[in-house]
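Convention: sequence-line order gives letters A, B, ...; per-chain numbering from 1. Not measured: the values here are computed from a predicted model. Scope of the values below: all heavy atoms of this structure, side chains included, with no hydrogens, waters or symmetry mates.
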Amino acid sequence: MRLFYQPEGRLRLETDDRCHLQVRPMWASPVTQPGKYLSLLDGKDKEVLMLPEGLAGLDEDNRKILEEELHRRYLTSQVLEIEHAHTEFGSTYWTVDTERGRREFVTQSLQENAQWHGPTHLMLIDVDGNRFEIRDTRALGEDSRRLLARIV
Amino acid sequence: MIQQASPEGRSIDQVLIDLTADMTEDAKFGFRRLVVSSSEVSVLDQSGASVLRVPIADIETARNEPLVSGGRLLLRMKSGEDIVATAYSLTHSDLFSEAARGVEQLAKGQEFSINLKREKTRCAKCGRLLPEKDGVCPACLNRGKTFMRVAVFLAPYKAKVWALIGISVVATGMNLVPPQLQKLIVDGLTASSMDVRALVTLVLIWFSVAAVAIGLQVVSNRLMTFLGSSIAADLRAATFQTVQRLQVAYFDKKPVGSIASRITQDTDRIWMFLVDGMPFLVTNGLVLIGVLFFLFQLDAVLAAAIMAPIPVMALISVAFWKNLSNMFHKVSQKWARIYMHINEAVSGVRVVKAFVREDHEYDRFQTRNMDCLRAAVAADQRWYSILGAMSLCVSFGMLINWGLGGYFVMINRLTLGEFIMANSYLLMVYGPLMWFAQINNWFSRAMASAERIFEMMDMPRDAGGGKGDKHTIVGEVQFEAVRFGYDKSNPVLKGVSFTAKPGEMIGLVGHSGAGKSTTINLVARFYEPDAGRILIDGRDYKELELQDYRSQIGIVLQEPFLFHGTIAENIAYGKPDASFEEVMAAAKAANAHDFVVSKTDGYDTIVGERGAKLSGGERQRISIARAILHDPRILILDEATSSVDVETEKQIQEAIARLTKGRTTFAIAHRLSTLRNADRLIVLERGAVSEIGTHEELMTSKGVFYKLVETQSKINEIVGVGVIG
């Protein structure tokens with residue numbers, strides 16, 4: 001397989017026998033199988049290739065392109081520290097430090113919008129649908145963990 | 001946004017779109033500004049320096065590409081390449097997809113018309129993020145103001161409210177009397193200056209004061225309960241009425257559960273506060289004032305000393321209460337999850353058993369159960385610790401009184417009677433004080449609930465009676481370049497035009513998501529077009545009165561909705577004054593009469609919640625009968641795909657044929673028979689009309705419709721074989 005942009009900005013996938021236009025990568029199971037099962041979809045949302053091992057085993061050029069694409073398409077933030085969090089009248093106000101920078105957001109009805117994907121894996125979804133992920137709550141600092149424990 | 005409008009039209013550098021995005025090219029949070037003029041799209045950074053400039057003339061199309069947790073504005077150039085103008089989080093994606101539409105209009109030389117409604121995301125007063133765009137800031141919500149709005153509901157009970165206030169004041173005053181009597185008795189006894197007569201008199205006075213006070217207390221509590229419950233009932237009624245009148249769009253965004261909880265839970269919280277919280281606050285507040293008055297009058301030093309632990313109690317409340325209420329909130333969340341799970345497991349019990357997952361379900365339940373247990377234990381344990389600290393403070397207050405007061409008696413600064421009186425007063429205030437911190441919390445919650453209700457009452461409603469003209473519909477329905485999207489950023493209908501003649505039956509065909517249901521929703525005027533017009537007999541239907549218009553429209557839904565009640569009531573739902581003969585005639589026309597009379601209770605059969613006690617085919621025929629009796633001018637049919645036996649199918653078809661006769665009908669058609677019966681078919685594809693014509697015309701032209709029918713019959717073959725095999 002070979003991935004390249006043509007025309008500029010539109011990803012093309014060439015396999016042994018075919019050529020697919022407007023290709024985009026999507027993780028098949030981003031939460032429970034992170035880094036594995038990467039699906040390549042064409043412009044009509046049809047899967048053209050599945051990479052069960054994710055980016056592993058790809059050659060340098062293809063990997064770079066996919067990494068870059070994924071980085072631009074998955075805008076979910078990884079929470080590094082929780083600076084502030086408090087609940088008032090059913091709304092929870094957060095100020096967090098993420099790998100994309102500092103961010104304030106509001107969540108409501110935490111039963112649905114604070115999803116535990118494991119004992120220490122938490123996904124917060126704000127009122128606009130933006131996601132803030134904490135892969136491992138144990139990796140947070142002491143203060144962050146205390147704030148988190150108080151709320152969820 | 002529009003800087004200036006020159007007389008000859010758009011000037012070259014006129015800014016048409018000016019938006020902020022919150023992400024940079026390397027997908028970090030940051031600042032970008034999109035500026036679109038009639039000649040150029042440019043993106044600026046924080047300093048105002050240009051990051052990207054693209055001439056409009058080079059752009060072919062523009063769109064908002066949805067990403068995970070965000071989106072990006074994608075420009076397709078005439079050269080074929082794609083350029084990302086800017087990325088943004090979901091917070092901004094609505095505005096940017098509207099902007100994308102605007103850019104495309106400019107690129108294609110169409111009329112520039114977009115709706116960039118700027119939404120407030122932060123509270124203007126405190127700068128907090130708003131939970132809902134353009135919504136109320138829960139922190140800045142003026143609790144006093146909200147309370148006044150609740151108080152408006154008191155107006156019908158004015159006399160009772162004043163009576164209540166009067167009685168409360170008197171009752172409180174009387175409660176303050178017995179300690180004074182204690183003082184007189186003790187002092188009289190210690191000074192041996194009292195005879196039996198005086199003692200009996202005092203005891204009798206005490207008894208009558210106590211009796212009257214208790215009597216008044218009972219009266220005031222009864223009044224309070226009556227008022228609280230009445231107000232809550234009025235609020236519930238007002239909320240329910242509001243919900244009925246809200247636009248359908250509101251119900252798309254809010255789950256049914258949350259709306260129902262506003263009617264029940266939120267009014268309940270207000271009721272609780274009015275019935276329990278308010279009386280507590282009022283009586284104990286009055287008692288506190290009275291006690292402080294008497295104590296300070298007695299001995300300022302002693303009074304100050306006994307009250308010393310109160311600030312400590314207040315401190316404990318402030319320091320620990322918030323945290324504790326969070327913990328209790330968590331417990332109730334975990335309870336909700338347990339309820340949810342039980343609900344799921346019980347209603348899905350067949351699936352659980354079929355897949356032999358009983359143990360798995362038990363484990364899942366147990367995880368949640370233990371979770372709830374831990375949270376509840378933690379909260380309760382903390383609660384008892386705080387309670388302990390509070391009780392200690394109370395004891396301190398008493399000990400101070402015994403120590404200092406005792407000493408004052410010793411040095412004859414106080415009499416023994418005065419000491420006993422101080423002690424009695426002390427007990428009256430210290431107990432309730434432990435709960436005062438809770439009152440604030442209680443009040444806050446009740447006001448937040450009230451605000452949620454008022455917020456809903458302030459929502460846009462269906463245009464009510466009186467607005468617009470009454471018009472007896474002949475039946476011509478014309479769509480004129482209708483555009484519509486449930487969410488503005490994502491139009492479902494993109495300029496749909498067609499005309500249905502009076503009495504004509506139109507079949508709507510297309511893949512799921514093509515816009516069939518949306519077309520129907522617009523005809524029923526659950527929504528109105530974002531752009532373009534819908535003309536009824538040549539008049540824009542926005543000019544017609546909504547209720548009058550809807551009363552001439554009939555709907556038969558795919559999943560017919562029956563209300564809990566009898567079959568007759570359900571058939572007569574749209575025409576409650578119909579005679580029994582009319583109901584029967586409608587049922588006959590709908591081929592429902594025979595199966596109805598064969599039931600034990602005939603037309604008086606209770607259909608159960610949502611008609612659960614009837615079969616699918618029966619429910620459908622009853623809903624058809626309902627539409628026939630309603631006698632609409634325009635009929636909407638959302639045809640069921642559910643399979644019924646051949647005989648029932650035939651009966652339903654007959655009923656539908658009778659129903660549609662002479663009425664302009666829009667049918668979302670799946671059955672081939674309906675497609676054949678339709679006068680014309682409109683084939684929708686991705687929000688636009690791709691073909692219009694009769695069944696034969698479309699079959700011979702071998703277009704989109706032909707392909708649809710082909711695939712469907714192939715699928716039917718496969719399914720058919722599968723069933724037999």
Side-chain angles (χ1 to χ4, degrees), chain A residues 5-11 21-22 24 26-27 30 68-77 85-112 114 116 119 123 125-133 146-147 149-152, chain B residues 22-30 65 67-72 74-77 79-84 87-94 121-122 128-133 135 137-139 141 255 258 322-323 325-327 329-330 332-334 336-337 340 371 444-445 447-449 451-452:
Chain A
Y5 288 102
Q6 198 195 23
E8 199 54 41
R10 289 160 78 173
L11 193 60
L21 303 175
Q22 286 202 64
R24 64 196 172 96
M26 290 297 281
W27 292 111
E68 182 65 21
E69 280 287 324
L70 288 168
H71 180 64
R72 285 195 207 140
R73 287 176 179 277
Y74 281 82
L75 300 178
T76 300
S77 314
H86 79 281
T87 303
E88 268 179 341
F89 316 109
S91 303
T92 308
Y93 298 82
W94 307 79
T95 308
V96 295
D97 191 24
T98 75
E99 94 284 17
R100 298 176 200 279
R102 201 161 166 274
R103 181 85 171 176
E104 288 176 58
F105 63 93
V106 191
T107 56
Q108 273 187 329
S109 41
L110 286 174
Q111 288 113 295
E112 300 129 54
W116 288 98
M123 184 80 85
I125 302 169
D126 82 356
V127 286
D128 295 312
N130 297 309
R131 290 146 174 256
F132 295 85
E133 190 176 19
R146 219 188 48 238
L147 281 168
R150 201 182 281 176
I151 285 161
V152 290
Chain B
D22 55 356
M23 282 203 166
T24 58
E25 291 71 40
D26 54 354
K28 297 253 192 251
F29 292 127
E65 187 186 14
L67 305 174
V68 179
S69 280
R72 60 188 188 185
L74 208 58
L75 306 175
R76 161 95 20 117
M77 310 308 290
S79 61
E81 70 178 295
D82 273 359
I83 292 179
V84 177
Y88 31 82
S89 74
L90 284 175
T91 316
H92 299 274
S93 63
D94 283 2
T121 53
R122 277 177 190 277
R128 276 191 183 79
L129 286 168
L130 294 174
E132 276 168 57
K133 284 178 199 162
C137 173
L141 174 135
S258 99
K322 188 127 206 218
N323 205 346
S325 77
N326 266 343
M327 290 173 87
H329 186 68
K330 259 167 78 171
S332 66
Q333 273 185 17
K334 309 234 169 201
R337 289 182 59 153
M340 207 176 78
D371 234 27
S444 299
R445 278 180 173 222
M447 288 308 107
S449 287
E451 190 53 37
R452 269 199 290 277

Asks: May I ask you to name which of B/Gly71, B/Gly80, B/Ala87 has the most heavy-atom pairs under 4.5 Å with chain A?
Replies: B/Gly80

Asks: Would you mind checking which part of A/Ile151 comes under 4.5 Å of any heavy atom in chain B, side chain (CB onward), backbone (N, CA, C, O), both or neither?
Replies: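 Just the backbone, heavy atoms under 4.5 Å.
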
Asks: Given the options A/Arg24, A/Glu99, A/Arg102, A/His71, which has more heavy-atom pairs under 4.5 Å with chain B than any of the others?
Replies: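 Among the listed options, the one with the most contacts to chain B is A/His71.
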
Asks: Check each atom of A/Ala149 against the heavy atoms of chain B and say whether the ones under 4.5 Å are side chain, backbone, both or neither.
Replies: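 Contact with chain B involves the backbone of A/Ala149 alone.
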
Asks: Distance check, rounded to the nearest 0.5 Å: A/His86 atom NE2 versus A/Arg150 atom CZ?
Replies: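 Between atom NE2 of A/His86 and atom CZ of A/Arg150 there are 11.0 Å.
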
Asks: Please report the interatomic distance CZ(A/Arg100) to OG1(A/Thr76), rounded to the nearest 0.5 Å.
Replies: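 Reported to 0.5 Å precision, the distance equals 7.0 Å.
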
Asks: Measuring heavy-atom distances to chain A, does B/Met77 have an atom under 4.5 Å in its side chain, in its backbone, in both, or in neither?
Replies: neither

Asks: Kindly indicate whether the side chain of B/Leu67, heavy atoms from C-beta on, has any atom under 4.5 Å from the side chain of A/Arg72.
Replies: no

Asks: Pick one of side chain, backbone, both or neither for A/Glu68, based on which atoms fall under 4.5 Å of a heavy atom in chain B.
Replies: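 Answer is neither: A/Glu68 stays 4.5 Å or more from chain B.
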
Asks: For A/Arg10 and B/Arg76, run side chain to side chain contact (heavy atoms under 4.5 Å, CB included): C-alpha distance rounded to whole Å, both residues' side-chain angles, the deciding distance at 0.1 Å, then the answer.
Replies: CA-CA 10 Å; A/Arg10 289 160 78 173; B/Arg76 161 95 20 117; 3.2 Å; yes

Asks: If you define the side chain from C-beta out and look only at heavy atoms, does anything of A/Asp126 sit under 4.5 Å from A/Trp94?
Replies: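 Not touching, per the 4.5 Å side-chain cut-off.
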
